[in-house]
Amino acid sequence: MSENTSQMELSADAPAAKPRVPKRIAAVIINSLKGGVVPRIGLPYVTVGRETEIRALLHDLDLIANGGASFRFLVGRYGAGKSFLLQTIRTHAMGKGFVVADADLSPERRLQGTAGQGLATYRELIRNLSTKTRPEGGALQLVLDRWAATIDASPAGAEAALAAACAPLEEMVHGFDFARILRAYHEASAQGDDERRAAVLRWLRGEYRTKTEARGELGISCCIGDDDWYDYLKLLAQFLVGAGYQGMLVLIDELVNLYKIPNAITRQYNYEKILTMYNDTLQGKAHHLGIIMGGTPQSIEDRRRGVYSYEALRSRLAEGRFAREGMYDMLAPVIKLNPLTYEELLVLTEKLSDIHAGYFGYERTLGTEDLVRFLQLEYGRVGADTHLTPREVIRDFVELLDILHQNPGTTIESILANDGSGTGGMPSDANAPVVTTSAAGNTVSVATQSGGVALAGAAPLDSTAVGAASTIAGTSRPAEGTSNRDFSGFKL
């Protein structure tokens, strides 16, 4: 018996304990996924795959913590998992001591504009400012209060500590005014002046529309605007390190809204802003700052309206000559998301089954065969290989779980049998060996040379078969040359 086979049998004999999901988090997970959106909490309970992408982005966090900066694009079709991966990285970053700000672009929120669109994006980022202890957003005042307390507790004295904290900021663009704002907040905190503290918070949130208004309330002759909001993000990132955090991670999703801008000149101004941010981070002009932007392939690669329509960006972001399908450079500025493999989807449906059963208080009855049959049905549709996304699969599965729970006399066999799509469209490469491991760590399916499946226990495999298969136990990707959607291994 081979070493691989022995390991599989051990995993089958000793299943891992399933984590208990609190009901509040389970409700958020189920309702969010059924609605087609990404939950902001509880992601570790449903995260599968994406190990390579997550590892690359966590490498960026180490760089940011050491005083560097990074810039990445996440590219994938609608529903392919961009937003999910962004939220996963957000959770990881907060756990590592970073402050995270995230925003979705829209017609009212852009990177550059003449009617406050750029400032609107900044306001959204600050509104969603999050830390480990305030993951839901709105952490700006918490951060400032923590900083003020640190200044007061300094052994060198408050004045000396304040001067040392503001010195590196004053060397940056707009740094002198930013330092004055911080001094005003510290002074207001020491005096218990809540009105002045509120005025400082308004200024930092970009809520002052005119310099006259800011001068009247704070004595500062400037305010954050459309043209300079990114400079203040760099200042905020530098300040956060002095406040005891590792740095700042900025997540901007829905770049497709820049692609949709009808005016070509306005689009170019927005892409020019991206170029400025990209150059700053990679040339060392920004510190302790990471930026990740998410968009569809069309919004990035279209030469007429997408990011690549701006030649300076296209020449920097385009793939080199050696990258190809199955072999991507994960340290490149653009990360392209591969579809989840069928093994990953099987693990995900198993996790959702457990969460749903735990939330509604019933014993889970769906077995591996039922989950496989569901996935067969989903990917048996015409065009599923190119058009079906994980978002749709997950939404359908949560709906299936709800129907089964609300109709106790109904079986999954009757529901799936009544779906007219059937499984006639399944690919049938009978020679493709596949090993699937459940979320509990059990080996649940093995494709044989004849296309059959053993759905219980572990079957002997030689080293060749194991090497060709994709196993969900750590990193889980199909072997090079195999299809992401080959369901021959799931034939019942």
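All figures in this text were calculated on a predicted structure; none of them were measured in a lab.
- The closest side-chain heavy-atom distance from Leu337 to Glu53 is below 4.5 Å.
- The backbone N or O of Ser309 lies less than 3.5 Å from no partner atom in the side chain of Arg267, so there is not a single donor-acceptor pair.
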Review item, side-chain donor-acceptor pairs of residues 24-37, under 3.5 Å, at least two apart:
unit_1	atom_1	unit_2	atom_2	d
Asn31	ND2	Ala27	O	3.1
Ser32	OG	Val28	O	2.7
Lys34	NZ	Asp402	OD2	2.8

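- Not counting sequence neighbours, Tyr245 has no partner by the ring pair (Phe, Tyr, Trp, His ring centres under 6.0 Å) test.
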Listing, residues 234-241 side-chain donor-acceptor contacts under 3.5 Å, not counting sequence neighbours, or none:
unit_1	atom_1	unit_2	atom_2	d
Lys234	NZ	Asp280	OD2	2.8

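- For the 3.5 Å distance criterion, the side chains of Ser130 and Arg90 qualify, holding a donor opposite an acceptor.
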Would you give me the side-chain donor-acceptor pairs under 3.5 Å for residues 250-261, sequence neighbours excluded?
unit_1	atom_1	unit_2	atom_2	d
Asp253	OD2	Ser83	OG	2.6
Asn257	ND2	Leu105	O	2.8
Asn257	ND2	Glu254	O	3.4
Tyr259	OH	Gln298	NE2	2.9

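- The pair Lys336-Glu301 meets the salt-bridge criterion, since a charged nitrogen lies less than 4.0 angstrom from a carboxylate oxygen.
- The pair Arg202-Glu213 meets the salt-bridge criterion, with a side-chain N (NZ, NE, NH1 or NH2) lying under 4.0 Å from an Asp/Glu carboxylate O.
- Listed for the Asp228 side chain is no donor-acceptor partner under 3.5 Å among the backbone atoms of Ile224.
- With sequence neighbours left out, His356 forms a ring pair (Phe, Tyr, Trp, His ring centres under 6.0 Å) with Phe360, Tyr362.
- Salt-bridge formation is not detected for the pair Asp354/Lys351: no Lys NZ or Arg NE/NH1/NH2 atom is positioned less than 4.0 Å from an Asp or Glu carboxylate oxygen.
- In this structure Lys82 satisfies the salt bridge (Lys or Arg N to Asp or Glu O under 4.0 Å) test with no other residue, sequence neighbours excluded.
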